[in-house]
Amino acid sequence: MRILVTGATGTLGRALVPVLLKAGHQVRALSRTKRQSGGEVEWVWGDLVSGSGLAEAVRDAEVIAHLATGGRRGRGAVDVTGTRRLVAAAREGGGYPHLIYTSVVGANRLATGHLRHKLEAERLVSESELGWTVLRATAFHQWLERRLNGFESLPVLAVDRTVPWQPVHAREVAERLTGLIDAGPARDEIEYGGPQVLDTEDLVRTWLRARNLRRPCLPVRYPGGLYAAQRAGELLTEATPTGEITWRDYLFPIVELSDDFGSEHTASPTSPANQPEHDPDLRVYGGDEGYERPTRS
Ligand SMILES: NC(=O)c1ccc[n+]([C@@H]2O[C@H](COP(=O)([O-])OP(=O)(O)OC[C@H]3O[C@@H](n4cnc5c(N)ncnc54)[C@H](OP(=O)(O)O)[C@@H]3O)[C@@H](O)[C@H]2O)c1
């Protein structure tokens, strides 16, 4: 199939493109940075917020895998305005492609902040009159690791054992997405999470061991309504299948894999993926810096 991937340079996009190519699909990849097409990927320049380049991007696409996000600080510009423009371009193109959108587990239960924008984008997708699928994923290993790396210089880490996480590997999300693309429009929201639920202390201690760091963990209770909801399990899913790669597998890889596509195509300098991150708020994920650690096969 001819597949347009938005967010192709992000964490998930760089995992998805090689999986799609391996499955025999033709991939057109959208970025705000002009890139040379070559090899198996056709690059198109475009910006979801301004709408530039979208008509060309969607031309002849049978599927649009819409992964682009402005992240937590994007204030909905990419997720809401960008999705609205993408839907309009796809409809005007007349080909009525299958639109598959990546959202976040809990977006429907916790419509606040970034998750409110994800839910609004889900609504735009499901009311688009295109064939559609929404895949809601839990936090990616890669995203959590990056957040934890931001705390490396702290002498003590504040951990709340009552806050659970269900991290999933971006490559497994990419494989699930590919299966949903092959299956055709589900006209449904489908959830996908990692294989284990871990509390924050487990998560942090495993990361400390992997980084060979020694830090005391101070037990605390994270304040606020979002953590209360997370504590109540609102960002977890019981959906099956789940991913198989655990947080530990990810942090202690036994087989080093190279990912040429991933290392060559990084997000634009203005991408949320490349902005300095000083926000200690671990609660609402949905954007990443776009790098990949080698993992077990
Ligand atoms: N990260 C997580 O833990 C997580 C968990 C669950 C669900 N999700 C969802 O999974 C999807 C992918 O997340 P990710 O972490 O892979 O994202 P990411 O690494 O932050 O990448 C963001 C992508 O969006 C593109 N983008 C940003 N602004 C754009 C614009 N104005 N026009 C066109 N493209 C734009 C960037 O491309 P260029 O810079 O090349 O233009 C980049 O490829 C998102 O829908 C996210 O909400 C993420």
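When a ligand or atom number is given, it counts from 1 through the structure's own listing order. Basis for what follows: all heavy atoms, side chains included, without hydrogens, waters or symmetry-related copies.
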query = How are the rings of Y250 and H141 set relative to one another: parallel (under 30°), tilted (30 to 60°) or perpendicular (over 60°)?
reply =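 Ring orientation of Y250 relative to H141: parallel.
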
From [options] - option closest to [atom] by heavy atom:
{"atom": "atom 2 (C) of ligand 1", "options": "W45, F140, Y101, W43", "value": "F140"}
{"atom": "atom 6 (C) of ligand 1", "options": "A137, G106, A170", "value": "A137"}
{"atom": "atom 17 (O) of ligand 1", "options": "L135, L54, T69", "value": "T69"}

In plain terms, say whether [X] and [Y] are close enough for a salt bridge, that is, a side-chain N and a carboxylate O under 4.0 Å apart.
{"X": "R231", "Y": "D160", "answer": "yes"}
{"X": "D47", "Y": "R32", "answer": "no"}
{"X": "R171", "Y": "E175", "answer": "yes"}
{"X": "R123", "Y": "E120", "answer": "yes"}

Please name the pair of heavy atoms, one in [X] and one in [Y], separated by the smallest distance, quoted to 0.1 Å.
{"X": "T102", "Y": "K118", "value": "O-NZ, 3.2 Å"}
{"X": "A61", "Y": "L4", "value": "CB-CB, 4.2 Å"}
{"X": "E244", "Y": "D249", "value": "O-OD2, 3.8 Å"}

Side chain, backbone, both or neither: which part of [X] has a heavy atom under 4.0 Å from ligand 1?
{"X": "R136", "value": "neither"}
{"X": "A77", "value": "neither"}
{"X": "V78", "value": "side chain"}
{"X": "R35", "value": "side chain"}

request  = Taking the side chain as every heavy atom from C-beta outward, state whether L54 and R85 have any atom pair closer than 4.5 Å.
outcome  =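 Yes. Closest side-chain heavy atoms under 4.5 Å.
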
key: ring-ring contact (aromatic ring centres under 6.0 Å, His included) pairs, two or more places apart, involving residues 50-73   =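 Output for this query lists H66-Y101.
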
ask   = Which ring-ring contact (aromatic ring centres under 6.0 Å, His included) pairs, counting each pair once, include a residue from residues 10-42, with sequence neighbours left out?
value =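 Passing the test, one end in residues 10-42: no pairs.
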
Give yes if a backbone or side-chain nitrogen or oxygen of [X] is under 3.5 Å from a nitrogen or oxygen of ligand 1, and no if not.
{"X": "R32", "answer": "yes"}
{"X": "G46", "answer": "no"}
{"X": "G10", "answer": "yes"}
{"X": "L48", "answer": "yes"}
{"X": "H114", "answer": "no"}
{"X": "D79", "answer": "no"}
{"X": "L12", "answer": "yes"}

request  = Can you spot which of V163, T138, L110 makes a side chain to side chain contact (heavy atoms under 4.5 Å, CB included) with L235?
outcome  =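 Of all the options given, the one that passes is L110.
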
inquiry  = Below 4.0 Å from ligand 1: does a non-hydrogen atom of K118 turn up there or not?
reply    =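 Flag set, K118 near ligand 1.
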
query = With a 4.0 Å cut-off on heavy atoms, is A139 touching ligand 1?
reply =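 Yes; A139 lies near enough to ligand 1 that a heavy-atom distance drops under 4.0 Å.
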
Ligand-side contact atoms (ligand 1) for residue partner [X], heavy atom cut-off under 4.0 Å:
{"X": "V49", "result": "31 (N)"}
{"X": "T138", "result": "5 (C), 6 (C)"}
{"X": "S31", "result": "38 (P), 40 (O), 41 (O)"}
{"X": "V104", "result": "6 (C), 7 (C)"}
{"X": "D47", "result": "30 (C), 31 (N), 32 (N)"}
{"X": "T9", "result": "36 (C), 37 (O), 38 (P), 39 (O), 40 (O), 42 (C), 43 (O)"}

query = Could you go step by step and tell me if T11 and Q142 meet the side-chain hydrogen bond (donor to acceptor under 3.5 Å, both in side chains) rule?
reply = CA-CA 8 Å; T11 305; Q142 291 83 348; over 6 Å; no

